Amino acid sequence: MAKRGGFATRMGAIAAAVGSAVGLGNIWRFPYEAGVNGGGAFILVYICCILVMGIPVILSEFIIGRSTHSNMKAALKRLSPGKKYYLFTYLCILGSFIVIGFYSVVCGWIIEYLYQAAVGHLIGHTPDEYNSMFTSLVTSPERCVGWTVLFLILNFLVMSRGIEKGIERVARIMMPLLFVILIVFCINSLLLPGAGKGLKFLFYPDFSALTMRGVLDAFGQAFLSLSIGISCLVTYSSYFKDDTSLSKDATTVAVLDTMVAILSGVMIFPAVFSFGVEPTAGPRLIFEVLPSIFQQMSGGYFWALLFFLLVFFASLTSTISLSEIPITFLIEEHKMSRPRAIAWTAMFTFVLATVAALSFNVLDDIKLWGKNIFDMMDYAASNIFMLLGGLFTAVYVGWILDRKVVHDQLTNGGRLKGTIVEPYLIFCLRYIAPVSIFFIFLYLSGII
Ligand code: PFF
């Protein structure tokens, strides 16, 4: 078995988990999902979901990972000897490949925009031209696949050189910077004419605009954004030291992640209304709106460059954590060497990501329920794999896992004071998470 290290400091551990959580899910996907689902009411459901499911499931993954210091499969075997719960790991691996498949295509778009910003082509156009600019990118198979492949090469190069830790260290500087830049952009957006309309859209809960599909989308978005349901945080927390407070860390990750998502919304929606872009534009939303924002800022060229660079690093720390799921599994469960495990993971990822990148052009006539392959992967990853994975994790820790393990992990073997965290956690895991997810699926499958 590969030698397992640990994070040197509590900050290191949290920074890595935040690095995984904060990424395109917050900056690209949250605004587009909020836009498609009517804004305010979606966000309210999203925040409730973070409180009653997100934080409890993060904590559950932390408990599984840190109590065993192993990957998901070995952890489940150890925690429930002789039982077949470990088979759930295969769902996690499949889920992680699907996420990274569509996610790296968007990372590819980010690199193209970074490039366009660098050569000065991003500034000086009308909103309509920004619309065509994005269309011309996604309808070009060469560009779409090319940038995606370039991103993946960088991702796996970082991993094979063993410099993820270096990247995480860089991200520890970049993340706070991203935060500050988001605030600057928010202020700028709020000063735009008509900004009030965007704020109202974002924060006024109009429940008539929210469908049951929207509720499911809010749950899926929360799970994707927090990186839960596919054992990513099990892998990370398996390296945590035994004296960190899991409940504090879980709350910190969730709060920071949610703040970045809300700030992205405040940055995007005033501009959406001010520049007359459709809030329901979907995955293309931020790519149509951001250039218009940069354009009317003084020093727009540098803001654009800096912004896409920071987003690029935020995405890289997320894809590193995603790729680590199958890689750790192959190393520890199939006794592969690290280079071999990386090679296998990279091969599968390249195939899936290429198919996703081609789904806007060469493969765009392959559609199911009006969704192309990219949209299907995007939808399946969060609304099916991560949600069901989260459900399994909740039920496992809430109902099946020995309560002593839960108690020990929450109190660090009795060294931390027992608080209301444990009863709250158990109540959410046992009742709220399973019942709500179950009802949404019943509703959507037409049974109720
Ligand atoms: N949470 C990341 C984001 O919001 O961009 C995406 C992600 C990373 C999902 C790692 C799942 C995962 F395991």
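Bear in mind the structure is a predicted one, so any value in this text is a computation, not a measurement. In listed order, ligands and their atoms are each counted from 1.
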Legend entry - Ion pair check, D378 and R29, cut-off under 4.0 Å: yes
Inset, instruction - Please tell me if the side chains of L387 and F441 come closer than 4.5 Å, counting only heavy atoms from C-beta onward. - result: yes
Distance-only criterion, 3.5 Å: show the donor-acceptor pairs between side-chain atoms of residues 42-63 and protein atoms not counting sequence neighbours.
unit_1: S60; atom_1: OG; unit_2: P56; atom_2: O; d: 2.8
unit_1: E61; atom_1: OE1; unit_2: L233; atom_2: N; d: 3.1
unit_1: E61; atom_1: OE1; unit_2: V234; atom_2: N; d: 3.4
unit_1: E61; atom_1: OE2; unit_2: G229; atom_2: N; d: 2.8

Inset, instruction - Looking only at non-hydrogen atoms, find the nearest pair between V105 and T148 and report the distance. - result: CA-OG1, 3.6 Å
Inset, instruction - Please confirm whether K83 makes a cation-pi placement over Y85, using NZ or CZ under 6.0 Å from the six-membered ring centre and within 45° of the ring normal. - result: no
Legend entry - Under 3.5 Å side-chain donor-acceptor pair for T328 and E324: yes
Inset, instruction - Enumerate the protein residues lying less than 4.0 Å from ligand 1, judged by heavy-atom distances, in chain and residue-number order. - result: S20, A21, G23, L24, G25, N26, Y103, L224, S225, S227, I230, C232, S318, S321, L322, I325, M386
